[in-house]
Amino acid sequence: AAGVIQSPRHLIKEKRETATLKCYPIPRHDTVYWYQQGPGQDPQFLISFYEKMQSDKGSIPDRFSAQQFSDYHSELNMSSLELGDSALYFCASRRSSWELFFGEGSRLTVL
Amino acid sequence: GNSVTQMEGPVTLSEEAFLTINCTYTATGYPSLFWYVQYPGEGLQLLLKATKADDKGSNKGFEATYRKETTSFHLEKGSVQVSDSAVYFCALTSGYGQNFVFGPGTRLSVLP
């Protein structure tokens, strides 16, 4: 069965650079969530989209932005990267059920 | 707001030991409750869920019962295996379209 696809799986950037992470939800899933998981931390909710509109916003820094496109894939754009942005970024999707399906994550390392 | 509290880890057990990981929550209304598991280097996978009071979720020998009176959803397994070594997250959502709130996670290590 198709799962949530995230790319890239690994990304290394310098401070003050920009990074873009992509998420392809499970087909026909209409809601996408982004989470940030620091080392040894629980996933922190960043932002979510329902039917291509932002539906909820969590602890997403102003330097970050995200959108969901007409094909339901989503992109998380991170600018002016800081060392503290190094984390695993998860995308998750759902449709008409309580279950949240997670991708395998994109690991961002900021040097 | 909604929140989830879990017992602190790490938890280290011998193979075939009994496992309990405590989880309590604070939420408005009638949340749905979940246990997610994260194996090393992987994303989060749903382990089990319960959507109303007194429901019991079960999967792969793990069980958890939604106790509204004690606002708890403790995870149990009668006999753990080395392959159960992972981080376990308790989570809740207040409703469809609402975001998930995760507990801090409990790392389980099972020794042969």
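Values reported hereafter were calculated over all heavy atoms of this structure, with side chains retained and with hydrogens, waters and symmetry mates removed. Order of the sequence lines sets the chain letters (A, B, ...), proteins ahead of strands, with each chain counted from 1.
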Q) With distance as the sole test, does A:S106 use its side chain to make a donor-acceptor pair with the main-chain N or O of A:L21 at under 3.5 Å? A) no
Q. Between B:Y88 and B:F62, is the ring centre distance below 6.0 Å?
A. yes
(Q) Counting only heavy atoms from other residues, nucleotides and ligands, does the tally under 6.0 Å from CZ of A:F69 exceed 12? (A) yes
**Q.** Side chain / backbone / both / neither for B:F102 at chain A, heavy atoms under 4.5 Å
**A.** both
Q: Tabulate, in ascending numerical order, the residues of residues 34-45 of chain A having at least one heavy atom closer than 4.5 Å to a heavy atom of chain B, or enter 'none'.
A: A:Y35, A:Q37, A:Q41, A:D42, A:P43, A:F45
Q.
If you count heavy atoms of other groups shown closer than 6.0 angstrom to CZ of A:R9, is the number above 12?
A. yes
Q. Is the centre of the A:H29 ring less than 6.0 Å from the centre of the A:F101 ring?
A. yes
(Q) How about NZ on A:K22, more than 12 heavy atoms from neighbouring residues, nucleotides or ligands closer than 6.0 Å, or not? (A) no
**Q.** Which portion of B:Q45 sits near chain A, non-hydrogen atoms under 4.5 angstrom
**A.** neither
Q | B:Y36 and A:F102 aromatic centres sub-6.0 Å | A | yes
